[in-house]
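Read through the structure below, which is laid out as structure tokens, and then see the notes.
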There are 2 protein chains.
Amino acid sequence: MTDRPQLDLANYLPYLINRLGGALVAAMTDKALAASDLTIDMWRLLAVLSYRGAQRQVDMVAMTSIEASTVSRLVTRLARMGLVTRQRSETSNREVVIELTAKGRSLVERIIPCAHKLEEMAAAGVPAKDMAVVKRSLRRMYDNIARQSR
Amino acid sequence: MTDRPQLDLANYLPYLINRLGGALVAAMTDKALAASDLTIDMWRLLAVLSYRGAQRQVDMVAMTSIEASTVSRLVTRLARMGLVTRQRSETSNREVVIELTAKGRSLVERIIPCAHKLEEMAAAGVPAKDMAVVKRSLRRMYDNIARQSR
DNA sequence: TGACAATTGTTGTCAATGCAATTGTTGTGA
DNA sequence: TCACAACAATTGCATTGACAACAATTGTCA
């Protein structure tokens, strides 16, 4: 008698991960981004530019997992909003380098405190020691999958 | 001199969460779902039905965070594929009760082992003790946000 | 060198999604 | 009991997003 396969969602990692991820996105969207007319993907692109400095679009794709064509169009919108500049790379003429403008940097710096507050709010009641375990494990699991699917 | 706000993405929880979430979705999609013509959202609906039994659409919305209108249309497609049935509730005539068909249940039971394998693959090298901390913390953080945004 | 493959970015197209409005039903308080 | 609010599901419509095709540039190796 073979036991029937079951899935205990309340203890299933992908479910727990994506449920929390969705809640974080929703909270971020209407607590920090709505006022600035930013979508969550625009915010991700700006955050990567702030974290890593000027980037090619292909690198932003790698960092955010947003589709290349979507990145292309989002960058167009961000540039039109005056938040980033888009220049041809000096080293290669097919590459484009995206960079935050002063306005873009100032906007990101106004949003970052909200991002930190959101993280604190989510982490309430989770001991620092546990949080360290969580973050380390999340990085490890991502690496496992990224390595596997290549 | 006020220090400028910064965001260390490599240690920022929402980033780590959603990066892993996306990788899990991508891996699940092309390793377990592609062969069955299921999208990730269809799989989520089927998994909820398998986990909780017959459900109203509004409850599936709560469990999956998929938009109500999207659930309505996805259920239509799943019904057309012969994987679920959609019946008016006995207790209330405005509610609809969705239930797995035998075909639907058998499909879910064929996918569940792949889902478990994916979880194992991701968890490789993470001690069971740490994984327990991770799952407990993920639940706690979700509750924090859900409570806050209500 | 020169043909061809790989990389980078953009555009066209169409299905899927989200939001608002709508329909139909059930609950509730005056 | 009746008017009205709340709930559940669906539909219309505009927007979004993904995929494929394409253009342009750069790398590679025979």
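Numbers restart at 1 for each chain; the letters A, B, ... are given by sequence-line order, proteins then strands.
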Between C:dA6 atom C1' and A:E95 atom CD, what is the distance in whole Å?
13 Å
May I ask you to decide if B:A124's main-chain N or O and A:N144's side chain share a donor-acceptor pair within less than 3.5 Å?
yes
Quick one: A:L74 CG to D:dA18 C1', roughly how many Å, whole number?
13 Å
Students often get this wrong, so: under 4.0 angstrom with heavy atoms, is B:R88 touching a base, only sugar-phosphate, or nothing?
nothing
B:N93 has an atom CG; how far is it from atom P of C:dT23, in whole Å?
18 Å
Stepwise salt bridge (Lys or Arg N to Asp or Glu O under 4.0 Å) test for A:R136 and B:D130
CA-CA 10 Å; A:R136 175 159 44 83; B:D130 287 4; 3.5 Å; yes
For DNA chain C, determine which residues of residues 52-67 of chain B have any heavy atom closer than 4.0 angstrom to one of its atoms, and list them numerically.
B:E67
Could you tell me if B:T76 and B:R86 have a donor-acceptor pair between their side chains, going purely by distance under 3.5 Å?
yes
Establish whether the base of D:dG12 is bridged to the side chain of B:R73 by a donor-acceptor pair shorter than 3.5 Å.
yes
For B:R86, report the nucleic acid contact type (base, sugar-phosphate, nothing); a contact means any heavy atom under 4.0 Å.
sugar-phosphate
Write down the distance between CD1 (A:I40) and P (D:dG17), rounded to a whole number of angstrom.
12 Å
Do the charged groups of B:R4 and A:E109 touch, with an N to O distance under 4.0 Å?
yes
Using a cut-off of less than 4.0 Å, is there contact between a side-chain N or O of B:T70 and OP1 or OP2 of C:dG18?
yes
With respect to B:E95, which candidate in B:Q87, B:R56, B:R88 satisfies the side chain to side chain donor-acceptor pair (under 3.5 Å) definition?
B:R56
Looking at A:R94 and C:dT8, is any side-chain donor or acceptor paired with a base atom of the opposite kind under 3.5 Å?
no
Is the shortest distance from a Lys or Arg side-chain nitrogen in A:R140 or A:D143 to a carboxylate oxygen in the other one below 4.0 Å?
no
Between A:D41 and A:S92, the residue closer to the 5' end of DNA chain D by nearest nucleotide is A:D41
